[in-house]
Amino acid sequence: MNGGEFDERLSCFISDLESLTPEDPLPESSLLDLEFLLPPSFSSAKSSAFSDDAAFPLWSHLAAAGLSPSSLVRPLSAAMDLPSSRISLLAARVYLSLILTPSAPVLSLFSPLAFISLLSSLRQALKPLPSAPSPDRRGKRKQGRAPRGNQRVDDSPDVGDLLPIVLGLLDSVLSRIRLDSSVDGVKSLVDTVVAILSSSTTDQNRLSGVCFRILYSAVSRPEHGDQTAIAVDVLRSLARVVLSSPLKSALRTATISFIACKIAPLARENGEVRRALVYFPRYLASNAPERAEPRAATVDAILEVVRAFEKDEQVGFAEYAVKMAQGKWQLRLLAVDLILGLLTSLPDPLGVCETMESSSCWGVKCLKALLLRCSDSMGGVRARALTSMAQVIEYLSGDARNSARLQDGVAFGNAKFNELLRKRCSDEKAAVRKAALFLITKSTILMGRPIDELVLKTIGSSCMDPLVSIRKAAVSAISEVYRQFPDEGIISEWLHAVPRLTADNETSVQEECENLFLELVLDRISRASHVSISDTAKDLESILPEGVLALLKGICDGEVLPCVRKICTSLGKKKKLKPSIAISLVNIISISESLCMRNCMSIERWTAPIGAWQLLSEVSLFTPKAVEWKFLLHHWKLLDKAKEDKGGTPDGEEPSSISWARDRVSLLQTISNVSVLLPPVDASDLAADLLRQIDEFNMHLSEVDAHVKALRTLCKQKAVSPEEGDELIGKWVHQLLHGAQKILECYMSKLSETVKTDGFFTPPSGQMKGKDEVASAKSFSQAITATFTIGSLVLIHPSADLHGIVPLLHTMITSGKPGSEKTKLASLTISVKEMAPSLYVHSWVTMGKICLVDDKLATRYMPLFVQELENSDCAALRNNILVMMVDFCVRYTALVDCYIPKITITLRDPCEVVRRQTFILLSRLLQRDYVKWRGVLFLRFLLSLVDDSEKIRSLADYLFGNILKVKAPLLAYNSFIEAIFFLNGCNAYSGLSEASEKGSQLFTLSGKDEKARSQRMHIYVSLLKQMAPEHLLATSAKLCAEILAAASDGLLSIDDVTGQSVVQDCLHILACKEMRIQSSKGSDTAEMDDDGGDPAGNAGATLLAAKGRVVTHVAKKNLVQHAIPIFIELKRLLESKNSPLVGSLMDCLRVLLKDYKNEIDEILIADKQLQKELIYDMEKYEAAKAKSTVAEAMANNAQQYQTFSSPANRVVSGSSVFAKLSEKLGSGGKIGLAVADAAARVTAKSVLREANHSMSMGRTLLPSKSRPRIRTSGDGRVSNGAGVLQANVLESLPRRKMFVSDDDD
């Protein structure tokens, strides 16, 4: 470009400027000309008429034309206000460039109004661009003259290119102008720049940097006004960006980084900016969202800013977070997350590097606040507090100094902390229980000592929780306790809690249980494989690894052993059982024997460590090569010799004899497991020895099965073919059955002779009598062993000939009963039940085993078994018959099905063992579908929920809350109405069958006493907890339609006691909190088992919330259209009969309508009297509730009142306490009135105490100077407007009787 063009454009621009009126904007052609005239660094045109450093010639030409630089401001402002974004931005660019030109008159060019127009053009550029013009309009000129030279309108920059240029120029201009005279300009600048940042129509990657530079310039330069106010505006605007931006957006990250990396360093040097920045995280906290994921992101943003603070500001914010923990539930929930972040992100939270006391450290204060929130009223807050406490402990306990401060500051592990853990482990909220178990897992190491016994038992109970996640958390918690403190009590509780989960419905829980058993039991025991006895060792416990003996002893527990067997079988099939386990058990037994011999003890008095042989018998099946035959043979001979030396009868065994018998059984099972590897000669000798011992019929009953099974295994393993093995087994089975039959016949004949002798002869005396008693005892023992052996033989060889044995057993079980066979002496009947009760019981057991292998015999004897189950007075016999009936049900399902109602009667057996056995066995049949939940079976099972035995109640809770909830989710809903009638013993319900009438008295909880009512309500609540919201709604409708409507129509008599109980139970159920369909609050719904960060989980929660809203709407509709009319009719009926149920009905209505207070007039429009009564009752109830709430809060501060020094101080301090109470509980409604009343009462009582104290000290309430002066008349009488009084009235006031306060002792 040459100078001629420059001069031409300059003259044209000046002429255009002179022709404009004050209101006209500068036309686009003039803007382009002016842009052309700018220095190259400001203009996109190729101008080279002068350099950047030279003076801009426009100012001299304007002066020559008689125009001032300010004459450019108005047309440019008008151009920046044009609706066209491109032209307004072009004008803004020219305006800012003019200010930045060399020797520019900034004071003349800059105007607050022009600056506002500039910002308006920037905001206008954020609007969506209009659609591109059509092709036929491209040739049309816009208003104004055409541009000169080669510059065309279409070649000018578009909005997207102009906006970053203008922002860059604005950043440069801020260093040359002052905004302190325009407060609105600064605020508008901040709002505009933040709007550009937040706009979705702009390229944030290009603009964010320059926007942040503009904001920084506005804050950092004092010439723009009050830096504190500007910083507040900037931070408040950026806070909205942080709160409204997507969680993982680049803008949010850049904004937080700008505050932490730019504003925070500036604040360290500038006190005015610091005052604003300190409140930024508090502002974010007070405006944090309620949903879990956005709240967590807000917490991260706050913590990033706080980390950039100095020490004092960090401590101040920590104290603010502690105060937040006492606010509303949203703030408490946020405070818990903030405290966790502060303790885990800030340096030295517990002050271990400083000399201050732990109580004054901000970290300890945060810990105490967190511990207090563990008992919060909101379940979500409790759960988050417990989880946060666990994470804090895990983070801080890595440093030993922090561990000491944790113990001193919060006192983990004391009685109060243990009580907190116990309560939270049994909390009603699932998330709280899970969090409490997580806290136990993390705090076990910190405690430094075994956990409290009650807490340990609570954890064990949590292993049976209905929720899978909580069962896993409980298993993890109790296993961690076991790892840290493997003492006998903890080992016992672990063995009772974890191995039983091998039968869990969840496969992952089963696998976790097996892995933990392998790690904590079998691997610990396998450490003893290389242990050797030393010369200084005195006992076995000092030689073996810690806890091994306790583990072996705990495995032998009757409740643990079946689970251990199942786990070992499963691990063996998966080939996870190592030979080192069996080697370790062999080593433990050998070392125990060596210690016995070293201590010169008799080998007959030695027994192996309890459980060693038992576990070896389970493990050796999968590791047979790890057990040597020489070792087994040695101990077999040793135990066999000890048995011969001890002798005795089965009924009179010593404890050591029982231990030997138990070890012999386990040893025989181990021999059976390794029988394949036995030498042929030794196997034959062992088989002959076993047969000889069985044929003597004098062993302990627990050994019989083991001997028979071992002998069968040896025959099968050493036979050439299976047929040869079966033949060998048949031979010795026939031999043993024949011997057993002879023994029984001999004993029965002796029993008959005894009866004859006792009836007709003189009893023997002296030595003869002693010999007869010994012979009789031996014969009796052999008869019992023979009877038991018959049953064992029949099970291993069902085809055995029993023609002579069955009639003999029939005689024994039916002797002494009507219709039974008589003895040869017609006048005498032998009763085995009376003469030999033990033999009688074993006869039934053996007959049951025979029926298991003979279906025809089972059909004949089934009624006898059921009859004996109902009529027997022997708990052991009832228990044995019950086990047999369950086995029959598996083998002959159709045959036993009709007897199930009679079997269930044992659920109410007087013996706890029988009840528990019945419950467990029937539950297994139900789970395996051998028995169906029909008839009265389900209703009778409900009584187990309120059984007198805690173990049965626990099993019932697990069955109904865990198994049935998955297997039969609709069972509780379908049987709920029937259960109400059944439990009250009311026969008005048509669904109850005739079978329920027989024995129904055993299964009813009828009665109006508090115990029966509470038991029924416990059952109802347990069933309601299994229902989904839609089922609760349907149940509510059924209660109204089938019970309340039936009562109001006269179909259900309310004059009858059972009918009244049914109606009353129905009203109580409708009013209970478990029947309420709760609306989903953010506090609890967002804090469940999952963290809520999963999109699928969020979608599920949204769907669940929508479903809850629909159900809530339907519930209201059902209440208005169906329930209320029924309640009105029922109330009229009850009032006409003066029934005591009116009170229960009114309480129920009050609960149902408390959520619809504003709609009561509309809902109860049909009964105005009921409407007034309900409103009165609700107001009275709310007032009483508010009063009790305030009284409870006052009781918590009672100790604080007593510590004040004087009554006057008590009044002042009491007032401050009530102010805090009002702030905490609220100052509106009933709570506010109750707080005010309580404050007034306390103040009045304090004044009365002061008056009493003053009178007792002989002082007056008011000093003489404060007494009112009264004018007297001449006669000494006091005159006033009302009359004349005696002058000594006031003097007598201090001598009045002392006031009496309710609080005086």
Side-chain angles (χ1 to χ4, degrees), residues 503 562 790-792 794-795 798 802 806 809-810 813-814 817 840-909 911 913-944 952 955-956 959 963-964 967-968 971 975 982 992-1000 1002-1003:
I790 291 172
S792 300
V794 168
L795 292 179
L802 301 173
V806 172
L809 291 174
H810 176 83
I813 63 178
T814 60
K817 296 180 180 180
Y840 180 75
V841 173
H842 285 287
S843 300
W844 278 103
V845 175
T846 302
M847 182 60 77
K849 293 178 180 178
I850 294 173
C851 291
L852 276 177
V853 299
D854 190 341
D855 54 345
K856 296 181 179 179
L857 201 63
T859 305
R860 288 173 50 197
Y861 279 89
M862 191 66 64
L864 280 179
F865 282 106
V866 176
Q867 180 182 357
E868 190 67 21
L869 179 64
E870 291 180 324
N871 301 329
S872 177
D873 55 356
C874 176
L877 180 56
R878 295 196 302 273
N879 186 66
N880 288 329
I881 293 179
L882 173 67
V883 176
M884 286 185 280
M885 295 298 292
V886 172
D887 291 337
F888 292 156
C889 188
V890 175
R891 186 68 63 88
Y892 317 112
T893 306
L895 182 63
V896 182
D897 191 59
C898 60
Y899 296 108
I900 291 297
K902 295 184 177 181
I903 296 176
T904 56
I905 294 178
T906 52
L907 286 169
R908 303 297 286 172
D909 195 274
C911 178
V913 176
V914 178
R915 295 199 308 273
R916 187 166 72 246
Q917 188 86 309
T918 305
F919 184 88
I920 294 173
L921 295 177
L922 287 180
S923 299
R924 290 177 180 173
L925 292 178
L926 290 163
Q927 292 180 64
R928 297 166 64 186
D929 289 330
Y930 285 108
V931 178
K932 303 296 182 182
W933 288 106
R934 58 170 178 255
V936 296
L937 182 59
F938 174 75
L939 300 176
R940 290 185 173 181
F941 256 79
L942 293 177
L943 273 296
S944 299
I952 297 178
L955 290 172
L959 175 69
I963 299 175
L964 286 186
K967 190 175 182 62
L971 189 58
S975 304
F982 179 82
L992 293 176
S993 61
E994 295 181 0
S996 64
E997 296 179 2
K998 186 174 182 180
S1000 60
L1002 290 173
F1003 291 93

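Quick caveat: nothing in here was measured; it's all calculated off a predicted structure. Residue numbers start at 1 and run along the sequence shown.
Contact record, Thr893 with Val890: OG1-O, 3.8 Å, taken as the closest heavy-atom pair. The shortest non-hydrogen separation linking Ser872 to Leu877 is OG-CD2, 3.5 Å. Met884 and Gly848 make their closest contact through SD-CA, 3.3 Å (heavy atoms, listed as atom of the first residue, atom of the second, distance).
Between the CG atom in Leu907 and the OG atom in Ser944 there is a gap of 5.0 Å [rounded to 0.5 Å]. Separating the CZ atom in Arg860 from the SG atom in Cys851 is a distance of 9.0 Å, to the nearest 0.5 Å. Atom CD1 of Ile790 sits about 12.0 Å away from atom CG of Leu795, to the nearest 0.5 Å.
Side-chain contact between Met862 and Met885 is present, with at least one heavy-atom pair separated by less than 4.5 Å. For the pair Leu964/Trp933, a side-chain contact is recorded, criterion being any heavy-atom separation below 4.5 Å from C-beta on. Side-chain contact between Leu955 and Leu959 is absent, with no heavy atoms from C-beta onward closer than 4.5 Å. Annotation: side chain of Asn880 is in contact with side chain of Val841 (closest heavy-atom distance under 4.5 Å). Contact of the Lys902 side chain with the Leu869 side chain is not registered, since no non-hydrogen atoms from C-beta on lie closer than 4.5 Å. Side chains of Ile903 and Val896 form a contact here, defined as non-hydrogen atoms less than 4.5 Å apart. Counting heavy atoms from C-beta on, the side chains of Tyr892 and Thr859 never come closer than 4.5 Å.
Between the side chain of Asn871 and the backbone N or O of Gln867, at least one donor-acceptor pair lies under 3.5 Å. No side-chain donor-acceptor contact under 3.5 Å links Arg940 to the backbone of Arg908.
Residue Thr918 forms a side-chain hydrogen bond (donor to acceptor under 3.5 Å, both in side chains) with just one option from Thr906, Asn879, Thr904, and that option is Thr906.
Relative ring orientation between Phe919 and Phe941 is described as tilted, the plane-to-plane angle lying within the 30° to 60° band.
Listed by chain and residue number, Arg934 satisfy the salt bridge (Lys or Arg N to Asp or Glu O under 4.0 Å) test with Asp897 (two or more places apart in sequence, or in another chain). By the side chain to side chain contact (heavy atoms under 4.5 Å, CB included) test, Val931 is found to be paired with Cys889, Ile900, Leu925, Leu926, Leu937, residues two or more places apart in sequence or in another chain being considered. A search for salt bridge (Lys or Arg N to Asp or Glu O under 4.0 Å) contacts involving Arg915 returns Asp947, not counting sequence neighbours. Every residue two or more places apart in sequence or in another chain that forms a side chain to side chain contact (heavy atoms under 4.5 Å, CB included) with Cys911 is listed here: Ala875, Arg878, Asp909, Val913, Val914.
Within the structure, side chain to side chain donor-acceptor pair (under 3.5 Å) pairs that include any residue of residues 919-930 do not occur (at least two apart or interchain). A ring pair (Phe, Tyr, Trp, His ring centres under 6.0 Å) check over residues 853-890, counting only residues at least two apart or in different chains, returns the pairs His810-Tyr861, Trp844-Phe865, Phe865-Phe888.
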